[in-house]
Number of protein chains: 2
Amino acid sequence: MHEYATSRKTRSNLINATGEIAAETDFSNVSMRAVAKRSGENIGSIHYHFGNKDTLFQEVIKAALQSWIDEPLSEYIASLQPEMDTKRGQARMIRLLVHYHIKNLFSDNKPVWHHKIMYHVLQYSSKLRDLVNESLIQPNDETIFKIFKKIKSEIKKSEMEMLIRMILAPIYFHVIFRDIFLSNSGVKDYSKKYLIDLEDKLVNQTLREFKLPIG
Amino acid sequence: MHEYATSRKTRSNLINATGEIAAETDFSNVSMRAVAKRSGENIGSIHYHFGNKDTLFQEVIKAALQSWIDEPLSEYIASLQPEMDTKRGQARMIRLLVHYHIKNLFSDNKPVWHHKIMYHVLQYSSKLRDLVNESLIQPNDETIFKIFKKIKSEIKKSEMEMLIRMILAPIYFHVIFRDIFLSNSGVKDYSKKYLIDLEDKLVNQTLREFKLPIG
DNA sequence: TGTAAATTTAGTCAAGTGTGTAAATGTTTC
DNA sequence: GAAACATTTACACACTTGACTAAATTTACA
């Protein structure tokens, strides 16, 4: 006999509840009873659907990774590759690169926990970190490396790493420290204008770094 | 009768062990038994010296904050305040501002957990976060706000916030993601040259933003 | 050295943890 | 509707957790 229609819904409820709780503090603070309570499901169902806590956590991470895997950076920028021979095309590529991350991390079509937990697990050694690192961070970095090399062929690896970090750190930071930033600023959410300004500043800063035409 | 000489040592052992374990994953993953084991002290001593887990954690945070409080940014830059009337002085101030953070976060005279746990607790709402926010982040931000306003009097608050984040995010990032950055780069530690380059890039990027003289 | 107090120790306690199970319930398919 | 099995439920298990205590030990000071 096949899977019930309710089965998918139950799994998704459990994954969502887990992600939410994990994003509020961290994974080590997530208890199966808390997950059961928030999801409205039974503790036993976690064991039935996922076998154990670790597997549940893995599925939570996979759910958060999904949208990045569906449209990886390499694919998102593919159409601009032909223009990479011109300075102007390279400049547009830099903007696309920055925009990809801001768009993915600040659009409203995904729950906030999707983004938060990824940077949570990257902070300490674990199986979950390896998962995010191998399926998101490293491919992403590789794509950016290629772009940088095309723009400046003699660029060193450590310089590329630093540039990536200088671009992405401010973006990620707005995700990781969202609560305290918004609370200290006294606003409810990042405004659209703020995010556009952030993108512009990051793009321009990188264009200057590579001596590419601005605007 | 007064405190024993061993008492301070015991407290310091417990605080250190707690900080170390917390930095490896997070505070919610720290058990009193693990602290007792790593420190070589007895579990009961935690209760005797700190009363409960929360107070122990607070003392751990306070220990990590100490060096920042001993020499706050406002004090570190005080001697340069008279030069703030000239563009050249303002440029030097920006460098001092950046250097203060890199120096504090990457010098070897403090254990790595000091820095890691501060950014851990800032990520979710808690008493510990309020402590770090009020005694470090907010005064620090205030000091930087004043500098920015001196350089560009009509600057808006949200722009100042963005600029602070663009300067500090890359620095903090190298602390928070130290393990995975070093592991992905295949090096044992950030080289001195790398940190100097990072400082230069951050300084120059900010100087350009304020149209101040570079070099 | 003796004594009063500070500290350490080993152990207890109730509450919470992840995991597992057997029975009850629900859904699908014939 | 009934058989077949997927799912849910309530509960039990051994273990870990933070908090606490009374007794043992160590220290400082007269």
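In this text, all values refer to a predicted model and were calculated from it rather than measured experimentally. Numbers restart at 1 for each chain; the letters A, B, ... are given by sequence-line order, proteins then strands.
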Point to revise | Per-nucleotide protein contact string for nucleotides 16-24 of chain D, where B marks a base within reach and S marks sugar-phosphate only (heavy atoms under 4.0 Å, - for neither) | key: -BBBSB---

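Separating the CD1 atom of A:Ile46 from the P atom of C:dT19 is a distance of 9 Å, rounded to the nearest angstrom. Protein atom CZ of A:Phe50 is 16 Å distant from nucleotide atom P of C:dG20, rounded to whole Å. Following rounding to the nearest Å, B:Glu41 (CD) and C:dT7 (P) show an atom-to-atom distance of 12 Å. Regarding A:Glu3, its CD atom lies at a distance of 10 Å from the P atom of D:dA6, rounded to whole Å. Summarising the geometry, the separation between OH on A:Tyr4 and C1' on D:dA6 is reported as 4 Å, rounded to the nearest angstrom. Following rounding to the nearest Å, B:Asn42 (CG) and C:dT8 (P) show an atom-to-atom distance of 9 Å. In this structure, A:His2 places its NE2 atom 14 Å from C1' of D:dA4, rounding to the nearest Å. Rounded to whole Å, the distance from OH on B:Tyr48 to P on D:dT27 is 13 Å.
Judged by distance alone, the side chains of A:Asn184 and B:Asn133 do bring a donor and an acceptor atom under 3.5 Å apart. A:Gln123 and B:Gln123 form a side-chain donor-acceptor contact under 3.5 Å, judged by distance and modelled atom types alone. Residues A:Asn16 and A:Glu20 bring no donor and acceptor atom of their side chains to less than 3.5 Å of each other. Between the side chains of B:Asn140 and B:Trp68, no donor N or O sits under 3.5 Å from an acceptor N or O. Side chain to side chain, B:Ser28 and A:Asp26 meet the donor-acceptor criterion of an N or O pair below 3.5 Å.
Within residues 7-27 of chain A, the residues approaching DNA chain D are A:Ser7, A:Thr10, by heavy-atom distance under 4.0 Å.
Base pairing of D:dA30: its partner is C:dT1, meeting the Watson-Crick or G-U wobble criterion (both donor-acceptor distances under 3.5 Å).
Heavy-atom contacts from other residues, nucleotides or ligands closer than 6.0 Å to NZ of A:Lys157 number more than 12.
Both tests hold for A:Lys103 against A:Tyr76: distance to the six-membered ring centre under 6.0 Å, angle to the ring axis within 45°. In this structure, B:Arg11 fails the cation-pi test against B:Phe50, since its NZ or CZ atom is not both closer than 6.0 Å to the six-membered ring centre and inside 45 degrees of the ring normal.
A search for ring-ring contact (aromatic ring centres under 6.0 Å, His included) contacts involving B:Phe145 returns nothing, not counting sequence neighbours.
For B:Ser45, taking side-chain heavy atoms from C-beta onward, the closest of the listed nucleotides C:dT7, D:dT7, C:dT9 is C:dT9.
Considering only side-chain N and O atoms, A:His49 lies nowhere under 4.0 angstrom from the phosphate OP1 or OP2 of D:dA6.
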